Protein chains: 2
Amino acid sequence: MKQEQRNTGLDREAVVRKLREHGITPTQQRVDIATVLFERPQHVCADQVLAQVNAVESLVSKATVYNTLGLFAKKGLVREVLVDPTRLFYDSNMIPHHHMYHSDSGMLEDVAPGQVQLGALPEAPEGMVIEGVDVVIRVRRI
Amino acid sequence: MKQEQRNTGLDREAVVRKLREHGITPTQQRVDIATVLFERPQHVCADQVLAQVNAVESLVSKATVYNTLGLFAKKGLVREVLVDPTRLFYDSNMIPHHHMYHSDSGMLEDVAPGQVQLGALPEAPEGMVIEGVDVVIRVRRI
DNA sequence: TTCTGTGCTAGACTTTGTCTAAACGCAATT
DNA sequence: AATTGCGTTTAGACAAAGTCTAGCACAGAA
């Protein structure tokens with residue numbers, strides 16, 4: 001029984017299983033990155049992941065962080081979130097939900113899907129599928 | 001009666017009026033940029049505006065295009081659209097509507113607001129206002 | 001005319017993210 | 001044990017979008 005394991009985080013074994021389930025070969029670096037991501041549901045950009053993974057000692061390169069986040073997003077392990085025009089965020093919470101973006105501070109919160117009520121969506125054009133629907137509620141100080 | 005005026009576009013006078021209505025001093029450059037934007041409802045990024053404004057002869061600098069688009073967005077003349085992680089788009093159609101984004105091609109279409117049916121929105125936190133709600137339907141080739 | 005403020009500009013700079021070419025690691029084969 | 005092959009990782013060069021700076025132009029006020 002490890003004492004130091006993070007409250008909501010997955011242990012290494014669970015992370016490896018998760019990667020395998022999504023058809024991703026679990027390498028050292030990928031597991032390190034995934035461990036950071038799934039420590040808790042969060043919104044992070046590549047820079048933050050890079051810093052967190054290499055907090056103790058330098059283990060993973062910039063290129064690998066970018067490649068891996070892209071791979072994870074493609075394989076449906078995390079979700080890209082577009083709210084800040086200067087950088088791409090990744091959301092480690094894959095349960096369907098929306099976002100509230102504080103444009104002053106850059107803070108990003110989750111909004112439960114029940115709070116928005118999306119009605120009938122238009123159909124995707126011939127030969128296309130809906131990849132996802134992003135709802136972002138932008139708020140700012142009065 | 002000018003013969004060469006664009007079909008749906010505003011003439012110079014109308015553009016000047018529009019700028020004034022939004023509290024923007026109508027300078028040469030701002031009118032040039034606005035004329036391009038309101039030639040028709042469209043989604044453009046700064047680079048495209050720069051190219052279009054300077055199509056015939058170089059009239060407006062890069063810095064001015066960026067500053068002006070930022071100003072227009074702040075004053076509610078155009079709307080920022082975040083769909084492409086590498087650049088910011090501006091939508092010259094201010095009638096409320098949503099977007100469908102073709103992630104393969106980068107194409108961006110309008111979706112009439114009636115086609116989505118957004119129900120009750122969550123309230124903005126204390127001391128904050130909802131600036132806007134962006135709904136983006138991402139589609140891709142099967 | 002001088003002063004002041006707003007706007008414009010070229011070009012340097014910053015930041016995020018991508019690309020490239022080489023090296024690594026590991027497993028299967030000889 | 002040595003060889004081959006393939007996927008992965010890496011440092012560092014690079015690209016692209018956007019911002020910043022410092023100076024110039026111009027208009028209106030004093």
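Throughout, protein chains are lettered first and strands after them, A, B, ... in sequence-line order, and every chain is numbered starting at 1. Just so we're clear, the structure is a prediction, and the values are computed from it rather than from any experiment. Keep in mind that the numbers below use all heavy atoms, side chains included, and drop hydrogens, waters and symmetry copies.
Sorted by first and then second residue, the pairs that involve residues 18-33 of chain A and meet salt bridge (charged side-chain N to carboxylate O under 4.0 Å, His left out), not counting sequence neighbours, are R12(A)-D32(A). The list of salt bridge (charged side-chain N to carboxylate O under 4.0 Å, His left out) pairs with a residue in residues 46-62 of chain B, not counting sequence neighbours, is empty. Residues in residues 116-142 of chain A take part in no ring pair (Phe, Tyr, Trp, His ring centres under 6.0 Å) pair, two or more places apart or across chains.
When the side-chain hydrogen bond (donor to acceptor under 3.5 Å, both in side chains) test is applied to Q115(B), no partner is found at least two apart in sequence or on another chain. Residues passing the ring-ring contact (aromatic ring centres under 6.0 Å, His included) test with H97(A) are H99(A), sequence neighbours excluded.
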Quick tally for nucleotides 4-17 of chain C: nucleotides whose base has a protein heavy atom under 4.0 Å get B, sugar-phosphate-only ones S, the rest -, giving ---SSBB-B---SB

Each nucleotide of nucleotides 24-29 of chain C classed B (base within 4.0 Å of a protein heavy atom), S (only sugar-phosphate) or -, in 5' to 3' order, makes ------

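Between L118(B) and V135(B), some side-chain heavy-atom pair lies under the 4.5 Å cut-off.
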Please list, one pair per line, the donor and acceptor atoms closer than 3.5 Å that link side chains of residues 70-77 of chain B to other protein atoms, with sequence neighbours excluded.
none

Side-chain donor-acceptor distances from residues 122-133 of chain B under 3.5 Å, at least two apart:
from	atom 1	to	atom 2	distance (Å)
E131(B)	OE1	S103(A)	OG	3.0
E131(B)	OE2	R140(A)	NE	3.4

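Residue I95(A) belongs to no hydrophobic cluster, having no ILVMFWY side-chain heavy atom closer than 4.5 Å to its own. F89(A) shares a hydrophobic cluster with V81(A), V83(A), Y101(A), L108(A), V136(A); the chain of contacts runs through ILVMFWY side chains whose heavy atoms sit under 4.5 Å apart.
Protein chain B touches strand DNA chain D; the 5'-most and 3'-most nucleotides with an atom under 4.0 angstrom of its non-hydrogen atoms are dA17(D) to dC20(D).
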